[in-house]
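Okay, so here's the structure we're looking at.
Worth knowing before you read on, the calculation uses all heavy atoms, side chains too, and leaves out hydrogens, waters and symmetry mates. Numbering starts at 1 and runs along the sequence shown.
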Amino acid sequence: VGPDGSAWVIGTNPQAGGYGIYMWNGSSFVHQSGAGVDIAVGPGDTPWVVNSSHDIFEWNGTSFVQRPGSARDIAVGADGSVWVVGTNKVTGGYGIYKWNGTSFVKKPGSAVDIAVGPTGTAWIVKSNHSIFEG
């Protein structure tokens, strides 16, 4: 669910790239283009999706557009910041990256899961289950 209350979900219907993507229209979930295994929604009703091949996509208002990079997990803050856990294995999990508007830039640390607070601060879980903010 995005900061404006828009709700998007990954369904259970298998498709190439994962499972169907659905948007809540106020009374039901409506199937959208694309497929994924992970979804996060930012401001302006903008979901970001990772598919089963670790490709990253951003909704442009009518369809999903692929963005550079690959990810295992994705999170979007209320401020619009987009963070991913990459696919490059490192001690403690995988690399951490932040979207700069054109590409994902590597940040210090490693993680297996990521979430983003309302001001864009990343929270991560490492492979040993320890949690970090920052």
Side-chain angles (χ1 to χ4, degrees):
V1 176
D4 62 356
S6 56
W8 291 73
V9 298
I10 301 292
T12 58
N13 57 317
Q15 294 185 264
Y19 300 90
I21 300 170
Y22 296 83
M23 177 187 70
W24 182 251
N25 70 2
S27 60
S28 64
F29 281 100
V30 178
H31 186 257
Q32 302 297 312
S33 65
V37 295
D38 194 18
I39 192 166
V41 185
D45 191 25
T46 304
W48 287 71
V49 171
V50 174
N51 70 12
S52 59
S53 297
H54 305 290
D55 299 320
I56 303 166
F57 296 86
E58 178 187 16
W59 182 253
N60 69 5
T62 56
S63 63
F64 284 96
V65 177
Q66 188 170 356
R67 298 299 180 207
S70 60
R72 302 178 64 81
D73 192 25
I74 192 162
V76 182
D79 68 342
S81 59
V82 181
W83 292 79
V84 299
V85 173
T87 57
N88 59 314
K89 192 153 183 58
V90 295
T91 301
Y94 300 87
I96 301 169
Y97 298 83
K98 184 178 181 187
W99 180 249
N100 69 5
T102 57
S103 63
F104 283 95
V105 177
K106 186 162 181 17
K107 298 295 180 179
S110 61
V112 294
D113 288 305
I114 195 162
V116 180
T119 60
T121 301
W123 287 75
I124 58 116
V125 177
K126 295 177 96 41
S127 60
N128 67 1
H129 308 290
S130 57
I131 302 168
F132 293 88
E133 173 192 15

>> Which residues pass the salt bridge (charged side-chain N to carboxylate O under 4.0 Å, His left out) test with Arg72, not counting sequence neighbours?
In response: none
If you look only at pairs with a residue in [range], which of them pass as a salt bridge (charged side-chain N to carboxylate O under 4.0 Å, His left out), with sequence neighbours excluded?
range           : answer
residues 4-21   : none
residues 30-41  : none
residues 99-120 : none
residues 42-68  : Glu58-Arg67

>> Going by side chain to side chain donor-acceptor pair (under 3.5 Å), name the residues that satisfy it together with Ser53, two or more places apart in sequence or in a different chain.
In response: none
> Quick one: side chain to side chain donor-acceptor pair (under 3.5 Å) partners of Thr12, sequence neighbours excluded?
Replying inline: none
Distance-only criterion, 3.5 Å: show the donor-acceptor pairs between side-chain atoms of residues 98-105 and protein atoms not counting sequence neighbours.
unit_1, atom_1, unit_2, atom_2, d
Asn100, OD1, Thr102, N, 2.9
Asn100, OD1, Thr102, OG1, 3.1
Asn100, OD1, Ser103, N, 2.8

For [X], ring pair (Phe, Tyr, Trp, His ring centres under 6.0 Å) partners two or more places apart:
X     : answer
Phe29 : Trp24
Tyr22 : His31
His54 : none

> So, Ser63 and Ser33: side-chain donor and acceptor under 3.5 Å apart, yes or no?
Replying inline: no
> Will you find, in the side chains of Tyr19 and Asn51, an N or O donor that is under 3.5 Å from an N or O acceptor?
Replying inline: no
Per-pair distances, 0.1 Å, donor-acceptor, side chain in residues 116-127, under 3.5 Å, sequence neighbours excluded:
unit_1, atom_1, unit_2, atom_2, d
Lys126, NZ, Ser110, O, 3.3
Lys126, NZ, Ser110, OG, 2.7
Ser127, OG, Gly92, O, 3.4

